[in-house]
Amino acid sequence: MTRPPLPLHTTTRLLSHLQATRTYAATLWNTQLRELVRKGLFQQGLSLYRQMFRSGISPNAFTFPFVLKSCANLSLPVPGAQLHCHVVKTGCESEPFVQTALTSMYCKCCRTNDARTLFDENPESRRLTVCYNALIAGYVQNSLFSDGFAMFRAMRLAGMEVNAITMLGLIPGFVGPMYLGFGISVHCYNVKYGLDTDLAVGNCLLTMYVRCGSVELARKLFDDIPEKGLITWNAMISGYAQNGLATHVLDLYREMELSAISPDPTTFVGILSSCANIGAQNVGREVEQKIECGGFGFNPFLKNALINMYARCGNLVRARAIFDDMPEKNLVSWTVIIGGYGTHGQGDIAVELFDEMIGSGIQPDGAVFVSVLSACSHAGLTDKGLDYITAMEWNYGLQPGPEHYSCVVDLLGRAGRLKEAMELIESMTMKPDGAVWGALLGACKIHRNVELAELAFERVIELEPTNIGYYVLLSNIYSEAENLEGVLRIRVMMRERKLKKDPGYSYVEYRGRTHLFVAGSRSHAQTEEIYAMLNRLEDLVKKLDMPDKNDQERKMKDSLAGWECTVKSWRLHLHS
DNA sequence: ATAGGGTTAG
C-alpha cells in the first residue's frame with residue numbers, strides 16, 4: 001500500500017513549482033489587498049491579510065505597505081507591531097517602501113518614539129528622503145513641532161534632497177503669526193515636482209496662512225495660483241468661513257460656480273456654516289438642492305451642517321425634520337439641534353433633547369454643555385442649568401472652561417442672583433475671560449446694579465479693550481441710572497481710544513429676497529409700514545404683559561413669548 | 001504593483 005518514493009529530480013521540480021505557485025498566490029492576494037485599501041476598506045484589508053497568513057502564504061515586500069496602511073488608518077498599534085515582527089521574519093525590513101510604511105504606521109498610532117527607534121536603528125533610512133518625510137510629517141501631526149523642525153534641519157545637514165512632500169509634512173507645523181513670512185522661503189526651495197504636488201504645496205501654504213491669522217495673505221496666494229484645484233477652492237472657502245467672513249464665502253462660491261471645478265461635501269460644509277452665521281436661508285436651501293443632486297445626501301457632516309443652518313436661521317421645523325431623519329445622530333447633531341432650540345427661546349425642548357441624548361448613551365463633551373447651558377439661561381431655567389454644570393463635572397468628569405462659566409454667570413445674572421454670580425467668578429480656578437465679565441455686566445444692565453457694573457467693566461476692558469459693546473453697555477447702565485457724569489466719562493474714554501461704533505445691521509429674508517436694515521436708516525421703501533407693524537406688535541406684547549385675566553390670555557402670552565425679544569432687536573436695528 | 005502629502009460640521 002505504500003507509495004514508491006518520488007525520484008529526487010521530481011521532488012525538486014515539485015518544490016520549485018510550489019514555490020512559484022506560492023509567489024504567484026502572494027501576488028494574487030496582494031492585488032486583492034490593494035483593491036480593498038484603495039477603496040478605504042481597511043478592516044477588510046486586515047482580515048484578508050490574516051486569511052493569507054493562515055493559508056501559509058508568505059507575505060512579501062509588496063504586501064506590507066498595504067497592511068501597514070490599514071493599521072495606520074485604523075490606529076491599531078498592536079497589530080502594527082505584530083506586522084513589524086512579520087516584516088523582520090520575512091527579511092523585508094531593509095525595503096525602503098516597507099520602512100516608510102512602518103514609520104508612518106507608528107506615527108499615525110501616536111508612537112513617534114517607536115518610529116524614531118526604527119529610523120535610528122536602520123542606517124540606510126538616513127539615506128532615504130521618504131524616511132525623513134514620514135518622520136517629519138509624523139512629528140508635526142502629533143504636535144511635536146520642534147522635533148519635526150529638528151528632523152528637517154538634520155535632513156538638510158545630511159545633504160538630503162528636500163522635495164514637495166517634505167514641505168507638505170512640515171508646513172502644518174507652522175502655527176502662529178511669526179511663521180507668516182515662511183511662505184516665501186518655501187518657494188525658495190524651488191524643488192522640482194509634478195504639477196499636482198506643486199498645487200498641494202500651494203494648498204497647504206494657503207491653509208497655513210489662514211491658521212496663522214492672515215486671510216489676506218491666503219487670498220493673495222489663492223489669486224496667484226493659476227490652476228486652482230477643488231482643494232484650493234475648499235481651503236479658501238473654509239478659511240473665510242472659519243474667520244466669520246460669510247459674505248466673502250458666498251461671493252467666492254458664486255465665483256466657483258463659474259469655474260470648471262464642481263463643489264464637493266467639504267465645500268458645502270463651509271458654505272452652510274456661513275449661511276448659518278448670516279441667516280442666509282435661501283442660499284442654504286439652494287445648497288441643500290445641490291447636495292441632493294450631487295448624491296451627497298447621506299454625508300453626516302452635511303446633515304449636521306444643514307441642521308445647524310436651518311436652526312440658526314430660525315427654521316426649527318426643517319432642522320428638526322432632518323435631525324429626526326438621521327439614522328445615526330452623533331454628538332454634533334445633538335449639539336446643533338439643542339443649540340438651535342436654545343437660541344430661539346425653546347429651552348424646555350433643548351433640555352428634553354439633552355436628556356434624550358444622555359439616555360441614548362452618547363457621551364457629552366464641553367461643547368454640548370455650552371449649548372444646553374445657554375439654552376437654560378435664555379429660557380430662565382436657572383436651577384436646571386445649575387444642575388447641569390454640577391453634573392458636567394461630577395457625573396461626566398468634564399472640567400468646565402471659561403465658556404461654561406460665562407453661561408452660568410449669565411444664568412445666575414438673568415435670575416437676579418448677582419451675588420452668587422460674583423462668587424462663582426471668584427471661585428474659578430482659571431482666569432476668567434472677557435465673556436465671563438461681559439455676562440456679569442449684561443446682568444447688571446438688566447438688574448440696574450451700577451456698582452457691580454463698574455467692577456465688571458473694569459475687568460472686561462482689561463481683557464478686551466477694543467470691544468466697543470461693553471462701553472456702550474456701561475454707558476446705557478449709567479444713562480438708565482441718570483448718572484450723566486458716568487455717561488460722559490465713557491464717551492471721553494471711547495474718544496480717547498478712538499473707538500467708533502459701526503452701525504448695527506441685520507438681514508431679513510422675505511419671499512426669496514434679502515433686505516438689509518441699518519440702524520437709524522429709513523432707506524427701505526416700506527419703512528413706514530414696517531414701523532407701524534412694529535408698533536402694533538409692541539402694543540400687543542405690552543398688553544399681554546398685564547396680569548393674566550384668564551387661561552386663554554395666558555396661553556396667548558406663552559405663544560408670543562419668543563416674539564418679544566425679536567421685536568425688541570428689530571426696533572434696535574430700525575431705531576437709532 | 002508597493003511608501004511620504006493638501007480641504008471637512010457644533
Side-chain angles (χ1 to χ4, degrees), chain A residues 26-35 37-38 59-69 72 92 95-105 107-108 125 128-138 140-141 163-172 193 196-208 210 228-239 241-242 263-274 276 296 299-309 311-312 330-340 342 365-372 374 403:
Chain A
T27 313
L28 278 185
W29 287 90
N30 288 350
T31 316
Q32 283 199 48
L33 207 54
R34 185 187 59 195
E35 285 314 306
V37 172
R38 206 180 261 171
N60 60 28
F62 292 118
T63 318
F64 291 117
F66 297 125
V67 216
L68 286 166
K69 194 173 180 177
C92 294
E95 201 59 50
F97 288 106
V98 178
Q99 251 182 60
T100 41
L102 269 171
T103 311
S104 165
M105 182 276 296
C107 290
K108 290 235 167 78
S125 49
L128 290 168
T129 294
V130 278
C131 283
Y132 284 94
N133 287 355
L135 207 50
I136 290 170
V140 169
Q141 280 160 11
N163 63 20
I165 293 174
T166 320
M167 288 304 152
L168 291 174
L170 191 68
I171 294 169
Y193 32 80
D196 58 327
T197 25
D198 207 1
L199 186 59
V201 174
N203 298 338
C204 192
L205 268 177
L206 204 160
T207 314
M208 184 205 85
V210 172
K228 302 178 231 310
L230 174 61
I231 293 178
T232 320
W233 286 96
N234 287 349
M236 195 65 239
I237 287 176
S238 314
Q242 283 156 11
D264 77 339
T266 309
T267 327
F268 292 134
V269 161
I271 314 281
L272 287 173
S273 129
S274 300
F296 306 130
N299 184 317
F301 269 70
L302 284 177
K303 287 249 191 243
N304 290 342
L306 278 171
I307 297 169
N308 185 41
M309 184 275 295
R312 300 261 299 275
N330 66 20
L331 187 53
V332 177
S333 324
W334 289 97
T335 308
V336 294
I337 195 78
I338 291 169
D365 71 350
V368 74
F369 270 105
V370 170
S371 70
V372 76
S374 79
E403 67 275 29

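Residue-level contact check: A:Lys228 touches neither bases nor backbone, having no heavy atom under 4.0 Å from any strand. Looking at heavy-atom distances under 4.0 Å, A:Gln242 makes contact with sugar-phosphate atoms alone, never a base. Residue A:Asn330 is in base contact, counting any heavy-atom pair closer than 4.0 Å across all strands shown. If you check every strand for non-hydrogen atoms under 4.0 Å, A:Glu35 touches nothing.
Closest approach to the A:Thr266 side chain among B:dG10, B:dT8, B:dG6 is made by B:dT8 (side chain taken as heavy atoms from C-beta onward). Side-chain proximity of A:Ile165 to the nucleotides B:dT8, B:dG6, B:dG4 is greatest for B:dG4. Here B:dG4 is the nucleotide among B:dG10, B:dG4, B:dG5 with the atom lying nearest to any side-chain atom of A:Ala134. Among the nucleotides B:dG6, B:dA9, B:dT7, the one closest to the side chain of A:Ser238 is B:dT7.
A donor-acceptor contact shorter than 3.5 Å links the side chain of A:Thr100 to the backbone of A:Pro96.
Regarding contacts with the backbone of B:dG5, a side-chain N or O of A:Gln141 is found under 4.0 angstrom from either OP1 or OP2.
Side-chain N/O atoms of A:Asp365 and base N/O atoms of B:dG10 include a donor-acceptor pair closer than 3.5 Å.
Scored by the side-chain contact (heavy atoms from CB on, under 4.5 Å) test, A:Ser125 finds A:Gln99, A:Phe119, A:Asn122, A:Cys131 as partners (sequence neighbours excluded). Residues that satisfy the side-chain contact (heavy atoms from CB on, under 4.5 Å) test with A:Thr335, not counting sequence neighbours, are A:Leu331, A:Val368, A:Ser371.
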Close N/O contacts between protein and nucleotides 1-3 of chain B (under 3.5 Å):
residue	atom	partner	partner atom	Å
B:dA3	N3	A:Thr100	OG1	3.3

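A donor atom on one side chain and an acceptor atom on the other are not found under 3.5 Å apart for A:Thr27 and A:Asn30. Under 3.5 Å, the side chains of A:Asn133 and A:Asn163 contain a donor-acceptor pair of N or O atoms.
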